[in-house]
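Written below as structure tokens is the structure these notes are about.
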Amino acid sequence: MFELANVKKSIEKELERIIQNKFSINIKVTLETPPEGMGDFAFPMFDLLKLLKKSPIEVGKQIIDSLDLDSIKKIEISGAYLNFHVNFLPLSDSFIRELKEKGKESLNFPKKNKKVILEHTSANPTGPLHVGRGRNPIIGDTLRRLLKKYGYDVETHYYVNDAGRQSAILIYGVENLKIETNEKKEDHALVLFYQKANELLENDQEVSKKIEEIMMDIERGDEERIKRNREILLKVLNGIKETLKMINVEFDIFYWETDLIIQGQVKKVIDSLRSEMKEENGAYYIEIDKDGKNEKVFLIRNDGTSLYFTRDIAYHLLKSERGDLIINVLGEDHKPHAELLQNVLKKIKNGIEIKNVFYSFVSLPEGRMSTRKGRVVYLDDLLEESREKAKEEILKRRNISDEKLNDLSEKIGFSAVRYNILKIQNEKQLVFKWNDALNFEGDSSPFLQYSYARANSILKKQPWSGSFSSEYIMEKAEISLIKQILLYPDVIENASENLKPYKIAKYAYDLASIFNIFYTECPVLKENYEIRENRLGLVFAFKTIMEDLLETMGIDHPEEI
RNA sequence: GGGCUCGUGGCCUAGUUUGGACAAGGCACUGGCCUUCUAAGCCAGGGAUCGCGGGUUCAAAUCCCGCCGGGCCCGCCA
């Protein structure tokens with residue numbers, strides 16, 4: 001499965017050997033990709049030429065004369081570059097044969113027998129999910145799918161903050177206010193209480209005091225109080241789950257923050273750090289080295305209750321017992337917190353491996369989204385809008401039953417939202433614009449789904465017999481397609497190792513784009529037997545890989561669109 | 001003020017980790033392609049001092065320094 005990368009490595013090794021032998025020079029050779037039409041790999045000889053004080057032609061010729069690898073078809077000297085044309089077509093024989101035999105399974109990496117605990121989303125259950133933090137579930141869930149493919153066992157967590165101030169505000173609102181609403185979805189109905197309570201809070205000391213009391217009860221571990229709260233928070237959480245389901249996001253575990261208090265983990269953390277703790281006005285802290293400076297990290301308030309940070313330590317210790325690698329998908333605002341947490345954990349337990357993936361908020365042209373202030377675009381509304389647009393687009397093209405229309409418009413509309421957010425690098429700040437969020441053309445999920453449907457349609461008309469030989473491949477478009485297909489394992493590896501799910505989107509788009517060119521330039525069904533079967537093989541390979549990519553991105557892949 | 005981060009055609013993005021050949025795509029715009037496997041597509045075209053200024057290098061969007069602009073963070077909040 002890794003032949004293409006191996007070919008590259010073997011050329012690099014061979015070049016290093018030849019340069020050593022011929023010129024007695026030890027250099028590390030890194031091949032790069034030349035511009036279109038100039039071969040497959042390029043070796044820049046600048047360093048070598050400088051050392052040897054010879055012309056590129058002279059040095060190039062000497063290298064070419066001593067290089068003898070089956071995989072190389074042709075070598076050209078172009079300026080100070082040595083361009084390698086690789087005979088990679090034969091690689092496609094085994095690749096496609098394996099796809100035929102094992103299907104998508106052949107695309108999975110070997111099991112690593114390592115478990116990843118992946119926490120993402122973890123939005124406060126005080127209102128519906130909004131687009132501002134909408135990147136979190138999309139990045140998180142794509143990582144889950146990607147890392148599984150890459151050979152990890154993955155357990156996903158949603159950390160439910162039921163111990164915090166935000167939750168207490170909602171609880172106060174629900175228990176003390178009366179608000180009429182005909183919102184059917186409970187997260188949308190209950191957020192009104194949260195917003196109203198926040199409003200009251202601003203200029204009413206009494207309200208503020210009552211909320212403090214709720215928080216206090218929780219943090220002291222009042223189980224009655226906690227139980228009542230959860231009933232309310234769960235309603236909001238269920239609304240959030242519904243939204244997540246629409247974009248194909250699901251979790252293994254919902255972990256309630258207050259469990260850490262009730263079950264004693266917080267106390268354990270405090271006990272284990274007690275010897276290092278110092279006191280200040282009745283509160284306790286430890287000192288942590290941060291960029292050479294000592295920083296106070298408070299763990300216990302002067303009223304004896306724990307802080308979010310303390311509970312987060314406990315939670316990460318718990319996660320470290322459940323898996324080998326902890327990955328958190330976090331908003332950029334958590335950066336300092338997360339770094340501090342890693343430092344503290346090092347003090348408590350050795351060898352905890354944590355990787356944090358940060359993303360920037362999606363904002364509105366008029367500023368940051370805020371549930372409290374009501375300046376938000378809810379994910380539900382965006383999804384609804386996208387579904388409607390998908391319906392319109394479908395009806396422009398075909399007449400189908402209402403049932404099919406509903407199904408298809410969700411698969412196209414919801415996916416478009418997921419893709420349009422996923423495709424952008426996490427840390428890039430993103431200003432929400434309806435036009436971009438609802439993009440259905442070019443670099444978009446309908447484009448991918450469309451190319452997939454085209455492939456599917458061909459195979460439906462004429463199933464592939466399974467015979468394929470790269471000898472029959474000669475068209476430019478066919479070769480580009482094979483080349484792109486063979487890159488698949490490298491892309492999965494790169495995206496997984498660097499925890500960059502958007503790399504999958506980029507690759508999938510390029511692949512679909514190349515397939516569309518192939519589709520236009522290389523008719524399949526009307527060719528003679530050999531050519532037809534070979535092209536069917538290519539279409540099959542494309543279809544299988546595209547399906548796999550779409551699944552990895554959590555995007556639906558209807559057979560026809 | 002300090003720290004982190006982003007800045008690429010009118011708009012959006014890839015490329016930055018590991019420096020290399022004319023900076024690659026999408027949207028929008030202009031023109032062409034459906035009696036032939038789905039035109040959500042394909043082809044062609046115009047449009048970029050890669051925020052600014054220095055430096056390192058044979059070679060800088062990429063590395064280093066300074067500056068400018070946007071975002072985030074600097075709690076006994078979460």
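A side-chain donor from one of A/Asp162 and A/Thr258 sits under 3.5 Å from a side-chain acceptor of the other. Between the side chains of A/Tyr452 and A/Glu547, at least one donor N or O sits under 3.5 Å from an acceptor N or O. With 3.5 Å as the limit, one finds a donor-acceptor pair spanning the side chains of A/His85 and A/Glu76. Residues A/Asn328 and A/His334 have side chains that never bring a donor and an acceptor to within less than 3.5 angstrom of each other. A donor-acceptor pair shorter than 3.5 Å can be found between the side chains of A/Thr305 and A/Asp303. Side-chain contact check for A/Tyr159 and A/Asp312: no donor-acceptor pair (N or O, by modelled atom type) lies under 3.5 Å.
Taking the ring centre of A/Tyr519 as origin, the terminal cationic atom of A/Arg454 falls inside the region bounded by 6.0 Å and 45° from the ring axis. A cation-pi geometry, defined here as NZ or CZ lying under 6.0 Å from the six-membered ring centre and within 45° of its normal, does not hold between A/Lys74 and A/Phe84.
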Report each atom pair, protein N/O against N/O of nucleotides 24-27 of chain B, whose distance is under 3.5 angstrom.
residue : atom : partner  : partner atom : Å
B/G26   : O2'  : A/Asp443 : N            : 3.4

Polar atom pairs between nucleotides 58-62 of chain B and protein, under 3.5 Å, N or O only, would you list them?
residue : atom : partner : partner atom : Å
B/C58   : OP1  : A/Lys50 : NZ           : 2.6
B/C58   : N4   : A/Asp47 : OD1          : 3.1

Kindly give the atom pairs (protein nitrogen or oxygen, nucleotide nitrogen or oxygen) under 3.5 Å for nucleotides 15-17 of chain B.
residue : atom : partner  : partner atom : Å
B/G15   : OP1  : A/Lys503 : NZ           : 3.2
B/G15   : OP2  : A/Gln425 : NE2          : 2.9

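Contact annotation: side chain of A/Arg397 to base of B/A40, donor-acceptor pair present below 3.5 Å.
For A/Glu521 and B/G41, the CD to P distance is 16 Å, given to the nearest whole Å.
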* Base versus backbone protein contacts along nucleotides 71-78 of chain B [heavy-atom cut-off under 4.0 Å; B, S, -] -> SSS--BSB
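An anti orientation is assigned to B/C11, its glycosidic angle lying beyond 90° of 0.
Within the structure, salt bridge (charged side-chain N to carboxylate O under 4.0 Å, His left out) pairs that include any residue of residues 505-515 of chain A comprise A/Lys506-A/Asp510 (at least two apart or interchain).
By the 30° and 60° cut-offs, the orientation of the rings of A/Phe298 relative to A/Tyr285 is tilted.
Using a cut-off of 4.0 Å between Lys/Arg side-chain N and Asp/Glu carboxylate O, A/Arg135 and A/Glu332 are scored as not salt-bridged.
The number of heavy atoms from other shown groups lying within 6.0 Å of NZ (A/Lys210) does not exceed 12.
A/Arg375 meets the side-chain contact (heavy atoms from CB on, under 4.5 Å) test with A/Leu364, A/Glu366, A/Arg368; sequence neighbours excluded.
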